Amino acid sequence: MPDLEARSPWSVHQGIHQVKISPPRLKVNSVIRVSGSKSLTNRALIIAAMAEGISRIEGILRSDDAYWCIESLRELGIDLAIEGDTAIVTGCGGKWPAPRGQLYVGAAGTVARFLPAALAAGQGEWTLTGSKRMSERPIEQLLMALTDQGAGLQYLNQEHAYPFVLQGNGLNGGNVQLAGNLSSQFVSGLLVAAPYANQPMTIHMQGVTVQREYVNMTIDMMRSFGVEAAEDLEQNIYHIPSGKYSACTIKLEPDISTCCYFWAMAALTEGYIRTEGIYADRTRQPDIEMLEVLERMGCTVVRGEDGAVEVHGTSQLRGGFELSMARWSDQTLTIAAMAPFADAPITMKDAAHIRHHECDRISAICTELRKLSIRVEEHADGLTVYPGHPEPALLDTYDDHRMAMALSLIGLKAEGITILDPGCISKTCPDYFSRLRELGAGIHFFA
Ligand SMILES: O=C(O)C1=C[C@@H](OP(=O)(O)O)[C@@H](O)[C@H](O)C1
Ligand SMILES: C=C(OP(=O)(O)O)C(=O)O
């Protein structure tokens with residue numbers, strides 16, 4: 001059952017239980033403007049809230065994940081105005097105006113993992129709660145590190161999990177050990193808060209950090225607000241000097257994870273999609289890797305100097321390869337949805353940690369592809385999908401926006417695809433189905 005409490009006032013399709021997607025009569029052919037990156041939006045909002053001065057963040061994402069970030073910051077006493085897709089944030093210099101409060105993070109991993117460290121750097125006591133799924137997602141390694149750094153933690157249900165009461169006593173700084181094998185968000189959260197520690201901090205990462213590009217996005221955002229964190233890949237450490245963020249005006253890149261669905265639509269329908277505002281050779285967003293895979297599948301991709309990306313689809317998608325999703329695992333589901341239409345099997349691996357995302361994504365996508373009579377093999381860290389003709393089916397989406405958006409792609413090529421709980425897309429892309437309709441797909445909602 002979806003946790004509807006996590007659907008914010010910015011969510012859509014309330015009371016709609018199913019949506020049937022039918023293939024467009026014509027090939028998609030459109031220019032798409034995608035909203036700001038969810039990951040960049042929540043980084044910029046939290047850092048701006050900690051900064052000295054008033055920041056202007058242009059191109060924010062208006063979705064559930066951003067909404068709960070904004071609401072949490074307002075609950076902390078931050079003066080935060082939203083004008084269209086611009087946020088004006090009056091920073092507190094690391095001293096949260098409201099030293100007590102109830103913070104709800106929804107289903108947003110970025111808020112759930114970034115806020116605790118930012119609070120621990122301050123003084124106060126707050127109760128943090130989240131969606132049902134958030135209480136099942138890993139956060140122990142981060143909370144252990146914060147405890148070592150001086151935070152007080154009282155768990156209200158399961159140990160080392162949401163919900164909990166956090167007492168901020170300031171961060172000690174110095175050496176911190178942290179693992180990144182379950183999520184890159186733990187180190188991102190600690191990095192964001194580290195400048196406000198009582199002394200410079202050195203984070204010693206233990207082993208491999210998944211989706212490490214997101215940590216680079218964090219470091220870049222910190223730099224935009226005036227703090228330079230140093231990364232030593234050899235020693236697997238991050239060193240953060242003491243300091244404060246300075247307010248700035250920043251324009252956020254579009255969300256490339258969302259762009260991937262539209263690029264996939266061109267691939268699947270032998271159509272054409274142009275997105276703008278993305279400099280493919282400069283972005284840190286790891287899902288940009290999708291473009292190379294679309295080329296490998298036979299599409300033509302143009303990476304414009306002007307920030308335009310064009311994807312031209314092909315009559316027959318090519319398969320017969322294996323992909324490591326370690327760097328860009330959010331697109332595992334998108335690739336899996338396209339794979340039945342390739343001419344040979346596609347294997348995705350190195351994505352075990354997505355079993356801890358909005359749902360156990362490997363198990364979920366295998367289950368739903370089998371409902372479509374697609375042959376699929378589940379592996380501990382991924383899956384192999386074989387070519388096939390999806391049969392009509394009613395598909396579950398597990399309260400997971402990426403399950404809903406990926407499975408909907410199948411409806412652009414196969415008849416009879418209906419998915420449950422379309423509103424779950426509100427986590428990062430509330431206008432997804434209206435966009436699909438604009439592109440010519442048949443979209444029929446059922447209460
Ligand atoms: O830091 C971020 O903005 C994100 C990090 C990744 O999570 P994990 O590192 O937990 O896989 C990614 O899947 C998520 O969509 C956004
Ligand atoms: C895993 C995701 O989000 P988060 O971890 O930020 O909730 C996602 O958007 O696919």
Side-chain angles (χ1 to χ4, degrees), residues 3 6 8 35-47 61 63-69 105-115 117 130-142 162 178-192 205 208-222 252-253 255-261 283-287 289 325-335 350-362 364-365 381 397-406 424-429 432:
D3 182 346
S8 78
S35 299
S37 154
K38 169 258 286 186
S39 295
L40 295 172
T41 295
N42 285 355
R43 279 165 173 78
L45 287 169
I46 292 173
I47 292 175
L61 174 63
S63 77
D64 291 345
D65 275 16
Y67 183 89
W68 297 122
C69 187
V105 303
T110 48
V111 188
R113 278 80 174 262
F114 296 176
L115 263 193
S131 67
K132 182 178 173 304
R133 177 62 181 169
M134 195 51 73
S135 65
E136 299 162 355
R137 294 183 68 180
I139 191 167
E140 176 174 3
Q141 292 149 320
L142 173 61
Y162 270 84
L178 189 57
N181 61 310
L182 292 177
S183 172
S184 65
Q185 293 176 344
F186 302 163
V187 61
S188 280
L190 192 53
L191 277 165
V192 163
M205 297 306 296
V208 173
T209 298
V210 296
Q211 301 207 87
R212 193 164 189 143
E213 278 305 288
Y214 285 101
V215 183
N216 293 331
M217 288 166 69
T218 304
I219 291 171
D220 285 355
M221 190 61 75
M222 291 169 70
L252 302 181
E253 256 187 335
D255 190 307
I256 291 177
S257 303
T258 300
C259 288
C260 287
Y261 302 104
T283 184
R284 289 281 204 189
Q285 297 184 64
D287 290 2
E289 205 157 327
M325 303 307 294
R327 277 170 37 92
W328 59 303
S329 46
D330 283 358
Q331 295 307 315
T332 305
L333 303 179
T334 320
I335 302 278
D350 303 331
H353 65 287
I354 72 173
R355 291 183 184 274
H356 305 295
H357 278 175
E358 282 82 335
C359 70
D360 175 340
R361 286 177 163 170
I362 296 173
I365 194 67
D381 68 338
T397 52
Y398 303 76
D399 204 1
D400 184 337
H401 57 133
R402 297 203 189 285
M403 283 292 293
M405 292 192 278
C424 68
I425 55 161
S426 303
K427 188 171 191 282
T428 56
C429 189
Y432 187 72

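We count residues from 1, following the sequence as given. None of the values given here were measured: they were computed from a predicted structure. Computation of the quantities below employed the complete heavy-atom set of this structure, encompassing side-chain atoms and omitting hydrogens, waters and symmetry-equivalent molecules. Atoms within each ligand, like the ligands themselves, are counted from 1 in listed order.
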Heavy-atom donor-acceptor pair, Asp381 side chain to Asp350 backbone, under 3.5 Å: yes
Any donor-acceptor pair under 3.5 Å from Gln331 side chain to Ser257 backbone: yes
Check: Gly180 main-chain N/O paired with Ser184 side-chain donor or acceptor under 3.5 Å: no
His356 near ligand 1 by a heavy-atom separation under 4.0 Å: no
Side chain, backbone, both or neither: the part of Met217 lying under 4.0 Å from ligand 1 by heavy atom: neither
His356: ring-ring contact (aromatic ring centres under 6.0 Å, His included) partners, not counting sequence neighbours: none
Option with minimal heavy-atom separation from atom 8 (P) of ligand 1, where the choices are Gly180, Pro138, Ser183: Ser183
Exam field: side chain Asp287 to backbone Ile256, donor-acceptor pair closer than 3.5 Å: no
Any N/O pair Arg137/ligand 1 closer than 3.5 Å: no
Proximal ligand 1 atoms for His353, defined as those under 4.0 Å from one of its heavy atoms: 11 (O)
Which residue and heavy atom of the protein sit nearest atom 9 (O) of ligand 1, plus the separation: Ser184 OG, 2.6 Å
Min N/O separation Tyr214 to ligand 1 under 3.5 Å: no
Geometric N/O contact Ser188 with ligand 1, under 3.5 angstrom: no
N/O separation below 3.5 Å, Ser329 to ligand 1: no
Donor-acceptor side-chain pairing of Tyr398 and Arg361 below 3.5 angstrom: no
Protein contact of atom 3 (O) of ligand 1 - nearest heavy atom, named by residue and atom, plus distance: Ser39 OG, 2.6 Å
Near ligand 2, at a heavy-atom separation below 4.0 Å: residues by chain and residue number: Lys38, Ala107, Ala108, Gly109, Thr110, Arg137, Gln185, Asp330, His357, Glu358, Arg361, His401, Arg402, Lys427
pair Arg137-Glu358: side-chain heavy atoms closer than 4.5 Å: yes
Nearest neighbour in protein (non-hydrogen) for atom 6 (C) of ligand 1: Gln211 NE2, 3.4 Å
Option of least heavy-atom distance to atom 15 (O) of ligand 1 (set: Val187, Asp287, Asp255, Asp330): Asp330
Asn42 side chain to Thr110 side chain, donor-acceptor N/O pair below 3.5 angstrom: yes
Check: Arg113 side chain, Ala108 main-chain N or O, donor-acceptor pair, under 3.5 Å: no
Short side-chain to backbone donor-acceptor contact, Tyr162 and Ala112, under 3.5 Å: yes
Check: Asp255 side chain, Lys38 main-chain N or O, donor-acceptor pair, under 3.5 Å: yes
Enumerated ligand 1 atoms positioned under 4.0 Å from heavy atoms of Thr110: 2 (C), 3 (O)
Protein residue, atom and distance nearest to atom 1 (O) of ligand 1, heavy-atom basis: Arg43 NH2, 2.7 Å
Exam field: side chain Ser63 to backbone Cys429, donor-acceptor pair closer than 3.5 Å: no
Ser329 and Gln211 side chains, donor-acceptor separation under 3.5 Å: yes
Atoms of ligand 1, numbered as shown, that sit under 4.0 Å from any heavy atom of Lys38: 14 (C), 15 (O), 16 (C)
Nearest-contact summary for atom 4 (C) of ligand 1 - protein heavy atom, Å: Gln185 NE2, 3.3 Å
Check: Asp65 side chain, Thr428 main-chain N or O, donor-acceptor pair, under 3.5 Å: no
